Amino acid sequence: MSIIQPRTLKGFRDYLPVPMAARERVLEVARSVYRSFGFVPIETPVLEYSEILFGKGGEESDRQMYRFEDNGGRDVAMRFDLTVPLARFAAQHVGTLGTPFKRYQVGPVWRGENTQRGRYREFVQFDFDTIGTESLVADVETLVVVHDLFVALDISDFKIHFNNRDLLNGLLERLGLLERGASVLRALDKLPKIGADAVRAELHESSAATSEQADAILALAELRGTNDEVLAALPAIVGESPHAVTGLAAIKTVLEGVRAAGVADSRVRLDVSIARGLTYYTGTVFETFLEDLPSIGSVCSGGRYDDLASLYTKQRLPGIGGSLGVDRLMAAIDELGLIDDRGATADVFIPYFAKDRINDYLSLAERLRKAGLSVELYPEPRKLGAQMKYADRRGHRLAIVVGDREWEAGTAQIKDLASATAQEVAFANLVERCAALLEDGV
RNA sequence: GUGGUCGUAGCUCAGUUAGGCAGAGCACCUGGUUGUGGUCCAGGAAGUCGCGGGUUCAAAUCCCGUCGGCCACCCCA
């Protein structure tokens with residue numbers, strides 16, 4: 001009988017225990033940060049009617065969508081992000097939810113594009129969004145959430161690049177390029193990657209921009225200096241159209257807001273080259289980069305989408321939020337050597353080596369668990385050395401060694417695996433001693 | 001989707017130029033140590049050379065196809 005080749009699809013991956021444990025720690029941190037701002041959890045289906053998902057993010061996202069006919073003949077698709085399903089969700093349930101509504105949601109999304117490092121066909125996003133308010137307070141808080149998230153993740157070198165679509169539209173309006181806005185923004189978005197000359201060439205080619213128009217766009221994009229300096233130089237470039245005025249005011253409010261919330265100026269940068277490809281963005285847009293690993297791209301992006309839900313409801317439902325790219329972030333953390341390689345989930349390890357005492361071991365382990373410790377009991381009476389080696393590899397913190405001698409005496413040996421120090425304690429004091437060791441061992 | 005590049009043991013990789021016995025380091029297992037891990041010593045196990053086909057007396061090596069990784073384009077988390 002021939003065996004079936006065990007394999008996964010291109011861009012789809014298995015997660016082994018060590019990296020999975022690291023992922024779970026990241027998810028726990030993100031969840032607690034979101035909750036600390038009052039976001040509440042929801043979940044939506046992986047599959048939606050195609051009409052819900054198509055035509056919302058632009059041509060590119062339509063092309064990348066996994067789409068098929070289900071067994072009941074329905075035209076369905078797998079979600080491309082969590083934002084479009086949220087807009088549908090909000091339109092459908094706003095009556096029971098009320099506004100403003102702040103939710104967080106984690107789950108896989110699918111994009112049928114070519115793979116690369118940090119780019120997969122199935123990947124997990126951890127989103128937070130605020131629906132039902134146009135207040136710039138939500139824009140400010142969105143950036144503060146991202147800031148607090150990366151601080152909590154202990155990632156030191158991140159920078160949030162933000163911009164405003166209204167500001168860009170204001171400039172396009174002044175230049176008479178609003179019609180060709182999509183291709184202009186696409187060219188502008190490439191500035192950090194391909195440089196000014198290449199962007200200029202692309203502007204001529206794809207957007208039929210004149211030299212004057214290209215100059216104006218590049219003048220905007222090449223503004224340098226502190227956030228305040230860039231902000232001060234902007235009005236002269238973008239003009240005074242309603243869009244431009246709105247955008248400028250929003251940027252100013254956001255900058256002041258995040259500063260007031262205690263975000264260091266060095267963490268947030270006004271970067272007018274940030275445009276973002278998804279067509280549903282309207283006001284504030286942002287991307288988050290790791291300074292030590294810019295090539296992997298943005299690990300947390302988002303923005304304001306004030307018109308998205310209007311596709312599903314007549315009620316006005318503006319929104320803004322962000323999306324943590326969990327898989328991309330994990331790839332970055334891995335690359336930067338920041339993964340915690342402990343594979344053990346239990347702090348305490350109990351080797352089983354007094355053969356006839358298995359029921360005593362079982363009872364001891366459960367007693368410790370009831371006292372709040374996490375305990376792994378080895379399932380076979382192998383020789384002690386092999387079991388200690390297992391615990392060492394897995395990264396357990398303590399081993400509780402109890403053999404015939406200890407069972408007789410009513411004592412146990414607690415061994416700190418990192419320092420290789422051991423102490424003999426009576427069963428009565430076991431929990432207390434373990435807790436103390438785990439406490440100050442960190 | 002297009003172009004480039006790579007795929008050899010669990011991992012990192014030699015070997016491919018010019019066809020001639022499938023290798024190293026690390027990891028793993030056993031023993032030295034009948035009750036104590038990380039060091040050391042000795043030994044052991046482990047590979048459809050990504051997969052399929054072709055050329056050849058002979059293919060990891062050459063040719064075609066395919067799958068997968070990486071890079072670029074595109075786009076994005």
Side-chain angles (χ1 to χ4, degrees), chain A residues 2-13 16 18 57-64 80-83 106-127 146 182-183 185-187 189-190 193-194 198 202 206 274-279 281 285-290 295-302 322-332 335 349-355 378 381-407 412-422:
Chain A
S2 71
I3 60 168
I4 298 163
Q5 196 59 233
R7 57 182 185 155
T8 53
L9 286 163
K10 180 185 178 76
F12 291 70
R13 303 165 310 143
L16 272 62
V18 168
E59 285 173 30
E60 191 61 25
S61 56
D62 284 0
R63 213 175 313 137
Q64 294 179 356
F80 171 93
D81 66 10
L82 299 177
T83 307
V106 60
V109 301
W110 293 269
R111 298 183 187 178
E113 64 174 334
N114 244 338
T115 56
Q116 255 176 64
R117 179 176 51 124
R119 303 179 63 162
Y120 312 99
R121 289 182 171 171
E122 176 181 64
F123 60 95
V124 170
Q125 293 193 325
F126 200 163
D127 280 28
V146 175
S183 67
L185 295 185
R186 214 176 303 131
D189 207 42
K190 292 180 196 167
K193 218 170 186 176
I194 65 177
E202 181 160 338
S206 66
I274 296 290
R276 304 204 38 73
L278 294 174
T279 54
Y281 287 116
V285 288
F286 68 90
E287 302 188 348
T288 309
F289 297 95
L290 304 182
S295 66
I296 207 159
S298 172
V299 290
C300 185
S301 309
S323 184
L324 176 68
V326 176
D327 293 274
R328 186 172 282 187
L329 177 64
M330 295 315 297
E335 183 124 345
F349 177 74
I350 302 181
Y352 159 37
F353 69 108
K355 274 194 186 59
Y378 200 81
R382 284 179 79 190
K383 61 184 255 187
L384 186 54
Q387 298 191 50
M388 295 303 290
K389 190 170 182 175
Y390 170 89
D392 184 46
R393 289 272 145 69
R394 295 297 162 116
H396 296 279
R397 306 262 304 276
L398 302 177
I400 296 180
V401 181
V402 191
D404 286 321
R405 286 204 303 267
E406 288 83 359
W407 287 121
Q413 181 195 124
I414 304 176
K415 185 158 185 175
D416 183 306
L417 288 168
S419 63
T421 55

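So that the names make sense, note that chain A is the first sequence line, chain B the second, and so on, each numbered from 1. Bear in mind that the values here come from a model prediction, so they are computed numbers and not experimental data.
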Could you state the [atom1]-[atom2] distance from [X] to [N], rounded to the nearest angstrom?
X: A/R117; N: B/A72; atom1: CZ; atom2: P; answer: 8 Å
X: A/L9; N: B/G69; atom1: CG; atom2: C1'; answer: 15 Å
X: A/L185; N: B/C74; atom1: CG; atom2: C1'; answer: 16 Å
X: A/E60; N: B/C73; atom1: CD; atom2: P; answer: 14 Å
X: A/I274; N: B/C76; atom1: CD1; atom2: P; answer: 12 Å
X: A/L16; N: B/C11; atom1: CG; atom2: P; answer: 10 Å
X: A/Q116; N: B/U2; atom1: CD; atom2: C1'; answer: 13 Å
X: A/F289; N: B/C76; atom1: CZ; atom2: C1'; answer: 10 Å

If you only use heavy atoms from C-beta on, which nucleotide in [options] is closest to the side chain of [X]?
X: A/R405; options: B/G35, B/U36, B/C71; answer: B/G35
X: A/L384; options: B/A77, B/U36, B/U2; answer: B/U36
X: A/D392; options: B/G35, B/C74, B/G38; answer: B/G38

Is there a donor N/O on one and an acceptor N/O on the other, under 3.5 Å, for the side chain of [X] and the base of [N]?
X: A/R111; N: B/C76; value: no
X: A/Q413; N: B/U36; value: yes
X: A/E113; N: B/A77; value: yes
X: A/E406; N: B/G35; value: yes

Q | 5'-most by nearest nucleotide on RNA chain B - A/T288 or A/R7 | A | A/R7
Q.
Go nucleotide by nucleotide along RNA chain B from the 5' end; which of A/N114 and A/V299 gets its closest nucleotide reached first?
A. A/N114
Q | Backbone N/O of A/S301 and side chain of A/T288: donor-acceptor pair under 3.5 Å | A | no
(Q) Closer than 3.5 angstrom, by distance alone: can the side chain of A/E406 be matched with the main-chain N or O of A/G403 as a donor-acceptor pair? (A) yes
Would you mind classifying the nucleic acid contact of [X] as base, sugar-phosphate or nothing, using non-hydrogen atoms under 4.0 angstrom?
X: A/R119; result: base
X: A/A332; result: nothing
X: A/G322; result: nothing
X: A/Y390; result: nothing
X: A/G403; result: base
X: A/D81; result: nothing
X: A/G112; result: nothing
X: A/A354; result: nothing

Tell me whether the side-chain N/O atoms of [X] come closer than 4.0 Å to OP1 or OP2 in [N].
X: A/K10; N: B/G69; answer: yes
X: A/Q387; N: B/G37; answer: no
X: A/T115; N: B/C70; answer: yes

Q: In sequence, state the C-alpha distance, the side-chain angles, and the governing distance for A/D327 and A/E122, and then conclude on side-chain contact (heavy atoms from CB on, under 4.5 Å).
A: CA-CA 9 Å; A/D327 293 274; A/E122 176 181 64; over 6 Å; no
(Q) Less than 4.5 Å apart, side chain to side chain, heavy atoms only: is that true for A/R121 and A/N114? (A) yes
Q) Does the ring of A/Y120 carry A/R13 above it, NZ/CZ under 6.0 angstrom from centre and within 45° of its axis? A) yes
Q: Give the ring-plane orientation class for A/Y378 versus A/Y390, where under 30° counts as parallel, over 60° as perpendicular and anything between as tilted.
A: perpendicular
Q. For A/F123 and B/A77, are the ring centres under 5.5 Å apart with planes inclined under 30°?
A. yes
Just the table, please: protein N/O against nucleotides 29-34 of chain B N/O, every pair under 3.5 Å.
residue, atom, partner, partner atom, Å
B/U30, OP1, A/R382, NH2, 3.0

(Q) Please report the distance separating the P of B/G69 from the corresponding atom of B/G31, rounded so that it comes out in whole Å. (A) 41 Å
Q.
Which residue in the set A/R328, A/E335, A/Q116 passes side-chain contact (heavy atoms from CB on, under 4.5 Å) when paired with A/I296?
A. A/R328
